[in-house]
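See structure below.
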Amino acid sequence: MSEPVTNIMDLRALARRRVPRAFFEYADRGSYDESTLHENRAALARLRLRQRVMIDVDNRSLATEIVGQPVSMPLAIAPTGLTGLQHGSGEIHGARAAARAGIPFCLSTMSICSIEQVRAATDTPFWFQVYVMRDRGFTRELISRAREAGCSALMLTADLTVQGQRHREIKNGLAVPPKITLRNLFDIASKPRWAWNVLRAPSRSFGNLEGRIGGADSLTTLAQWIANQFDPTLSWQDLAWIRELWPGKLIVKGIMDAEDARLAAEHGVDAIVVSNHGGRQLDGAPATIDVLPQIVDAVGGRIEVLFDSGITSGQDLLKALALGARAGLIGKAFLYGLGAMGEAGVTQAIEIIRRELSVTMALTGQRDARCISPDILLR
Ligand SMILES: Cc1cc2nc3c(=O)[nH]c(=O)nc-3n(C[C@H](O)[C@H](O)[C@H](O)COP(=O)(O)O)c2cc1C
Ligand SMILES: CCCCC(=O)C(=O)O
């Protein structure tokens, strides 16, 4: 019998065995030399926690609010593309597991299950992440579909108007629409459980992009497709237009600089996500945890600061809270759970982080996740 799963890296090991290599590596790897991918985790690991004792920590509360929405803990599921290819119906499983756990799920523009399919399969509002396309009419359409589906926040991703090169993506021949090549045929044949779940799913291609991805005769690499479709002219001036289309909660994701954080606050967004896209975009960018304090300082409480890139444990999450984040998002940790065990794996990933956060709060003498200060870190 194999050992029980006790942490996120166990889920990663299982996912690696169960998901075809091209899709596992799409999730797992970073851009260029992957220096930022590694630094995200290394910088979190370097921070030391202050052990405190003789404090009553019997009743601990993890509950808080993110953009005004009550959550059971300061965590959300980050938007991820191709999620339905880590596990069939992956977006639906992710949304359901998050809802059950009392945390937000964010659906990506580049999801396999469409906004409408996820809406039909769930009863808790989810967030929608939008990529601004060159075709602004289509972008408007995406946002109005999210409104129609009752999405409770819109997340505008700012750090991928041009894709950072990912070597594994090219070497694995990842294409739009996703396809089976000779290279991954044997791999897929050896993963019948994965294939069965994908075949049963309501969608096997980018569900939100019907009519925009061409047929099998117009295959293109992911990077080429993005270059053709995503709008590299995106600027702060476009925010007023997006605000008009979306009067609800608006989050801008991909902020790594204090000046950009200030600009976001001035442009009337409700929150930002300090993120380097999980080390998938600008390689050479610092770890997100290293820029978090200056960004929190720059916005001075005007807007909420969320955090992602590198969280693989409750300890990581606690460190981000200590440095001023309202909550953290998980991309890879979520996908490892999904790839390992579908919906149950997502639940397990969330509960692993919840337990670690709760225990680490106790051991640092903390009772309330809303009141974690830099005091818990050793300087
Ligand atoms: C496989 C994968 C796909 C992603 N796709 C998107 C996406 O479609 N939109 C987006 O805004 N961010 C996307 N991201 C970035 C995540 O939202 C998040 O910023 C990142 O995963 C956080 O780092 P972590 O993976 O270390 O948790 C993706 C990340 C991964 C790993
Ligand atoms: C699938 C297109 C891009 C999704 C994304 O943001 C990522 O891969 O990081």
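Ligands are counted one by one from 1 in listed order, and the atoms in each one are counted from 1 as well.
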Worksheet item: What part of T80, side chain from CB on, backbone N/CA/C/O, both or neither, has a heavy atom under 4.0 Å from ligand 2?
Response: neither
Worksheet item: Which bit of Q281 is near ligand 2, meaning a heavy atom under 4.0 Å away: side chain, backbone, both or neither?
Response: neither
Practice prompt. Indicate yes or no: does R243 engage D270 in a salt bridge with an N to O separation below 4.0 Å.
Written response: yes
Worksheet, complete the sentence: Numbered in order shown, the ligand 2 atoms found under 4.0 Å of a heavy atom of L160 are 5 (C), 6 (O)
Item to complete: May I ask you to identify, for P79, whether its side chain, its backbone, both or neither come under 4.0 Å of ligand 1 on a heavy-atom basis?
Response: both
Worksheet item: Using heavy atoms and a threshold below 4.0 Å, how should the contact between T109 and ligand 1 be classified: side chain, backbone, both, or neither?
Response: neither
Discussion item. If we ignore hydrogens and angles and just use 3.5 Å, is the side chain of N172 paired with the main-chain N or O of L174 as donor and acceptor?
Written reply: no
Worksheet item: Would a distance-only check, ignoring hydrogens and angles, find a side-chain to backbone donor-acceptor pair under 3.5 Å from R280 to Y26?
Response: yes
So which heavy atom in the protein is nearest [atom], and how far is it from that ligand atom?
atom: atom 4 (C) of ligand 2; result: Y26 OH, 3.5 Å
atom: atom 3 (C) of ligand 2; result: I226 CD1, 3.8 Å
atom: atom 5 (C) of ligand 2; result: Y131 OH, 3.5 Å

Under 4.0 Å to a heavy atom of [X] - the qualifying atoms of ligand 1, by number:
X: A78; result: 16 (C), 17 (O), 18 (C)
X: G310; result: 23 (O), 24 (P), 26 (O)
X: S275; result: 19 (O)
X: K332; result: 24 (P), 25 (O), 26 (O), 27 (O), 31 (C)

Worksheet entry | N/O separation below 3.5 Å, G331 to ligand 1 | yes
Worksheet item: Does an N or O from T157, backbone or side chain, lie closer than 3.5 Å to an N or O of ligand 1?
Response: yes
Worksheet item: With a 4.0 Å cut-off on heavy atoms, does R166 reach ligand 2?
Response: yes
